[in-house]
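In this chain, residues are counted from 1 in sequence order.
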Amino acid sequence: MTDYIIINGLIVNGKNEPPFPGNIVIENGAIGEITKPEAIPKNFPPEQILDAKGGYVTPGFIDIHRHGDWKALCGGDDELLNRQGITSVVNGNCGLSVAPVGKKYAGEILDFLSSVTGDLPGEYLEEDREGKRFCPVAESFASYMDALAATKRSVNTGMLAGNGTIRAAAAGYAPGRLTKEELHLVWKNLEESLSAGALGVSLGVAYAPEFEYDVRGFTEALMPLKNMDIPITTHVRSEGDGFLESVREVIEVAKSLHIPLHVSHVKCIGKKNWRVRRREILELFRQAREEGVSLDFDLYPYLTGSTQLVHLLPPESQEGGAEAILERLGDSVYRWHLTQILRKPSRHFENIVELAGFDQIYASTLHSEEYKEMTGKSIAEIAKICKEDPYDTLYDILIAEKCQATMLDTIASEEDMLHFLKDPYANVISDATYPTGGKYHPRVYAAFPKVLVDYVREKKIFSIEEAVYKMTGKPAQVLKLAQGILEKGRPADINIFRLENLKAPADFDNPAQLCRGFDYVLVGGAVAVKNDCWKNTGSGKLLRRKK
């Protein structure tokens with residue numbers, strides 16, 4: 001049965017090939033055939049003809065690095081995704097997946113994740129007789145995937161198993177090496193997550209509790225992956241002064257296990273590293289490939305990042321979870337010691353305070369009565385208002401917010417970003433986070449059209465086929481997805497737009513603005529967007545790794 005035929009379009013097929021004129025026939029939610037422009041069936045029902053009017057016809061965009069784990073369950077971001085041409089997403093990145101949290105440490109883990117994934121939807125949260133919170137839907141990876149499968153979305157959704165969450169479910173946020181029993185529980189949770197359909201395993205080496213691992217620890221914890229063609233996607237330990245060492249660390253892990261490696265949101269943090277590290281990093285990637293490592297990477301098209309405010313602290317200050325952090329921050333002697341660490345460059349951890357400065361670090365999510373009116377201001381501005389030293393201001397904010405605060409930090413160079421993005425192994429992502437309250441980063445709303453508007457249409461840095469490939473066919477290769485290419489038999493996830501009509505208005509002052517200019521966005525052959533009007537098609541699929 002023919003669903004639609006797309007006519008009068010220039011087809012950008014997702015293979016980094018030049019656009020060509022043609023028609024696309026959609027049958028039963030998939031691409032039936034691609035025909036020559038003149039081959040339009042006679043007497044075809046007008047309501048089933050989608051006229052591209054000389055615009056581009058591309059695969060739906062694939063965002064393989066997002067943190068919408070909870071949003072996916074409640075359909076909270078379907079419209080903003082489809083309105084920017086995204087038809088497939090992969091959540092659970094940076095080691096921070098919301099499953100499997102188990103039972104023992106579930107409340108602690110969910111609190112830690114909330115500044116990245118947002119709060120758990122209330123209908124999924126329960127309490128035992130002692131008032132201890134737990135979450136049956138996130139207890140195992142399988143239970144989360146089953147819940148996701150029952151959700152009718154207009155977006156295809158996949159998940160990575162977060163290595164940090166898997167460790168925390170076994171041992172909480174305690175420092176040190178895992179016991180034999182804890183290691184076996186880590187293996188069990190990892191194997192069960194892969195069996196439930198995880199597309200890969202994400203690492204957050206810079207975050208608690210994964211910064212407790214060294215190369216040996218990672219290799220032990222990830223042993224079930226050995227010699228399997230399942231990728232690890234990793235936020236490395238440092239993207240600042242220790243960037244090279246951090247990349248070498250994860251390359252060594254991938255080599256030891258003989259598995260593919262994908263490096264997340266590549267950038268060089270700190271002006272002293274701009275223009276200096278980028279060539280060294282790409283050369284390190286090249287050498288690893290020559291030595292047999294399947295390696296690629298991704299990045300977002302912004303110079304400002306977004307993460308937990310507590311990430312400003314060195315790893316030893318984050319050990320033991322939120323209660324231990326708050327106790328330390330309440331000690332004046334410890335605060336003095338901590339300030340001395342943050343004032344100096346470090347290759348031991350990503351010292352964003354020293355690399356960016358408090359004037360480039362903004363508190364983006366604040367809830368306490370004392371600070372919530374200062375949401376969006378830099379730490380330097382808040383310190384001036386409070387007539388305090390900025391280091392003390394940082395510690396006081398973390399205490400008042402119980403570590404549940406997020407930040408925006410301007411850390412990167414556009415020249416570096418474009419240098420990385422031009423590499424043939426680069427993928428475009430959003431790295432969208434969903435903290436509760438405050439302002440979202442504009443990348444939540446506009447990352448993919450921003451590339452097309454700024455770097456294809458306006459600055460002409462990329463051809464349309466290059467940019468589309470980095471947002472479709474390339475990320476599909478990374479996680480072995482059927483989506484991302486326009487050819488017979490592939491899912492009919494398709495965007496139709498004229499480049500001159502695209503608008504990506506989301507900015508840091510007013511991020512909650514939806515993109516405009518997509519004539520059509522189809523998911524599984526169903527129209528989710530027509531002339532900027534959206535509906536939930538319910539045609540999105542759950543993306544599971546094929547065994």
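A salt bridge links Lys272 with Glu354: the distance from a Lys NZ or Arg NE/NH1/NH2 to an Asp or Glu carboxylate oxygen falls below 4.0 Å. Salt-bridge check for Arg286 with Glu290: passed, with a basic side-chain N closer than 4.0 Å to an acidic carboxylate O. Salt-bridge formation is detected for the pair Arg335/Asp396: a Lys NZ or Arg NE/NH1/NH2 atom is positioned less than 4.0 Å from an Asp or Glu carboxylate oxygen. Between Arg216 and Glu220, at least one side-chain N (NZ, or NE/NH1/NH2) sits under 4.0 Å from a carboxylate O, which counts as a salt bridge. Ion pairing between Asp296 and Arg289 fails under the 4.0 Å rule for side-chain N and carboxylate O. Salt bridge Arg275/Glu415: present, at least one basic N to carboxylate O contact under 4.0 Å. Electrostatic pairing of Asp111 and Lys402 does not count as a salt bridge here, judged by no charged N lying under 4.0 Å from a carboxylate O. Electrostatic pairing of Arg277 and Glu280 counts as a salt bridge here, judged by a charged N lying under 4.0 Å from a carboxylate O. Contact check on Arg237 versus Glu245 returns no salt bridge, with no Lys/Arg side-chain nitrogen under 4.0 Å from an Asp/Glu carboxylate oxygen.
A perpendicular orientation is assigned to the rings of His65 and His265, their planes being inclined by more than 60° (bins at 30° and 60°).
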Item to check | Ile429 vs Ile64, side chain to side chain contact (heavy atoms under 4.5 Å, CB included): CA-CA, chis, key distance, verdict | outcome: CA-CA 6 Å; Ile429 59 157; Ile64 59 172; 3.9 Å; yes

Item to check | Pair Glu316-His348, side-chain hydrogen bond (donor to acceptor under 3.5 Å, both in side chains): steps then yes or no | outcome: CA-CA 11 Å; Glu316 58 268 24; His348 164 59; 3.3 Å; yes

Item to check | Verdict with supporting geometry, Ser430 and Arg66, side-chain hydrogen bond (donor to acceptor under 3.5 Å, both in side chains) | outcome: CA-CA 6 Å; Ser430 70; Arg66 215 165 174 95; 2.9 Å; yes

Next on the checklist: Set out, in order, the CA-CA distance, both residues' side-chain angles and the distance that settles side chain to side chain contact (heavy atoms under 4.5 Å, CB included) for Asn273 and Leu355, then state yes or no.
Outcome noted: CA-CA 9 Å; Asn273 294 311; Leu355 290 165; 3.9 Å; yes

Checklist entry - Is there a side chain to side chain contact (heavy atoms under 4.5 Å, CB included) between Leu160 and Leu479 once you walk through the steps? => result CA-CA 10 Å; Leu160 299 170; Leu479 296 178; 4.3 Å; yes

Next on the checklist: Assess the residue pair Ile411 and Gln360 against the criterion (side chain to side chain contact (heavy atoms under 4.5 Å, CB included)); give the C-alpha distance rounded to whole Å, side-chain angles, the decisive distance to 0.1 Å, and a yes or no.
Outcome noted: CA-CA 8 Å; Ile411 47 181; Gln360 297 298 317; over 6 Å; no

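Looking only at distances, a side-chain donor or acceptor of Gln308 sits under 3.5 Å from a matching main-chain atom of Phe112. For the pair Glu212 (side chain) and Pro209 (backbone), a donor-acceptor distance under 3.5 Å is absent. Using modelled atom types, no side-chain atom of Asn351 and backbone atom of Pro345 make a donor-acceptor pair closer than 3.5 Å. Using modelled atom types, no side-chain atom of Ser294 and backbone atom of Pro260 make a donor-acceptor pair closer than 3.5 Å. Judged purely by atom type and a 3.5 angstrom limit, Glu239 has no side-chain atom pairing as donor or acceptor with the backbone of Ile269. Side chain of Gln318 to backbone of Tyr207: no donor-acceptor contact under 3.5 angstrom is found. Side-chain atoms of Lys439 do not come within 3.5 Å of backbone N or O of Pro511 as any donor-acceptor pair. The backbone N or O of Ser97 sits less than 3.5 Å from a side-chain atom of Thr165, completing a donor-acceptor pair. No donor-acceptor pair under 3.5 Å is formed between the side chain of Glu388 and the backbone N or O of Ala383. Side chain of Gln513 to backbone of Pro505: a donor-acceptor contact under 3.5 angstrom is found.
In this structure, the side chains of Asp454 and Pro301 stay at 4.5 Å or more apart for every pair of heavy atoms. The side-chain heavy atoms of Glu466 and Asn16, taken from C-beta on, include a pair separated by under 4.5 Å. Here the side chains of Asn93 and Thr233 are in contact, with some heavy-atom distance below 4.5 Å. In this structure the side chain of Leu421 reaches within 4.5 angstrom of the side chain of Val428, judged on heavy atoms. Taking 4.5 Å as the limit, some side-chain heavy atom of Leu110 sits within range of a side-chain heavy atom of Cys135. Taking 4.5 Å as the limit, every side-chain heavy atom of Cys515 sits out of range of all side-chain heavy atoms of Phe448. Pro314 places a side-chain heavy atom less than 4.5 Å from the side chain of Leu342. Between Thr307 and Met407 the shortest side-chain heavy-atom distance falls below 4.5 Å.
Few gaps surround NZ on Lys226; more than 12 heavy atoms of other groups in view lie less than 6.0 Å from it. Few gaps surround NZ on Lys480; more than 12 heavy atoms of other groups in view lie less than 6.0 Å from it. Within a 6.0 Å radius of CD in Glu283, other residues, nucleotides and ligands contribute more than 12 heavy atoms. The environment of CD in Gln477 is crowded: more than 12 heavy-atom neighbours from other residues, nucleotides or ligands sit within 6.0 Å. Residue Phe508 places its CZ atom among more than 12 non-hydrogen atoms of other residues, nucleotides or ligands, all under 6.0 Å distant.
With values rounded to the nearest 0.5 angstrom, Leu225 atom CG is found 7.0 Å from Met228 atom CE. Ile230 CD1 to Ile259 CD1: the interatomic distance, rounded to the nearest 0.5 Å, is 9.0 Å.
A donor-acceptor pair shorter than 3.5 Å cannot be found between the side chains of Asp69 and Thr117.
The salt bridge (charged side-chain N to carboxylate O under 4.0 Å, His left out) search around Glu414 returns Lys459, not counting sequence neighbours. Scanning for ring pair (Phe, Tyr, Trp, His ring centres under 6.0 Å) contacts around Tyr440 gives Tyr434, with sequence neighbours left out.
Taking every heavy atom of both residues into account, Ile166 and Ser193 meet most closely at CD1-OG, 4.4 Å. Closest approach of Leu303 and Ser413 over heavy atoms only: CD2-C, 3.6 Å. Minimum heavy-atom separation, Ser202 to Gly162: OG-CA, 3.4 Å. When every heavy atom of Ile379 is checked against every heavy atom of Leu394, the shortest pair comes out as CG2-N, 4.4 Å. In this structure, Val456 and Ser463 approach most closely via the heavy-atom pair CG2-O, 4.1 Å. Here the shortest heavy-atom pairing between Leu178 and Tyr213 reads CD1-OH, 3.4 Å.
Evaluation of the ring-ring contact (aromatic ring centres under 6.0 Å, His included) test over residues 267-302, restricted to residues two or more places apart or in two chains, returns Phe285-Phe297, Tyr302-His441.
Each of Asp431, Val444, Leu113 was checked for a side-chain contact (heavy atoms from CB on, under 4.5 Å) with His67, and the lone residue meeting it is Asp431.
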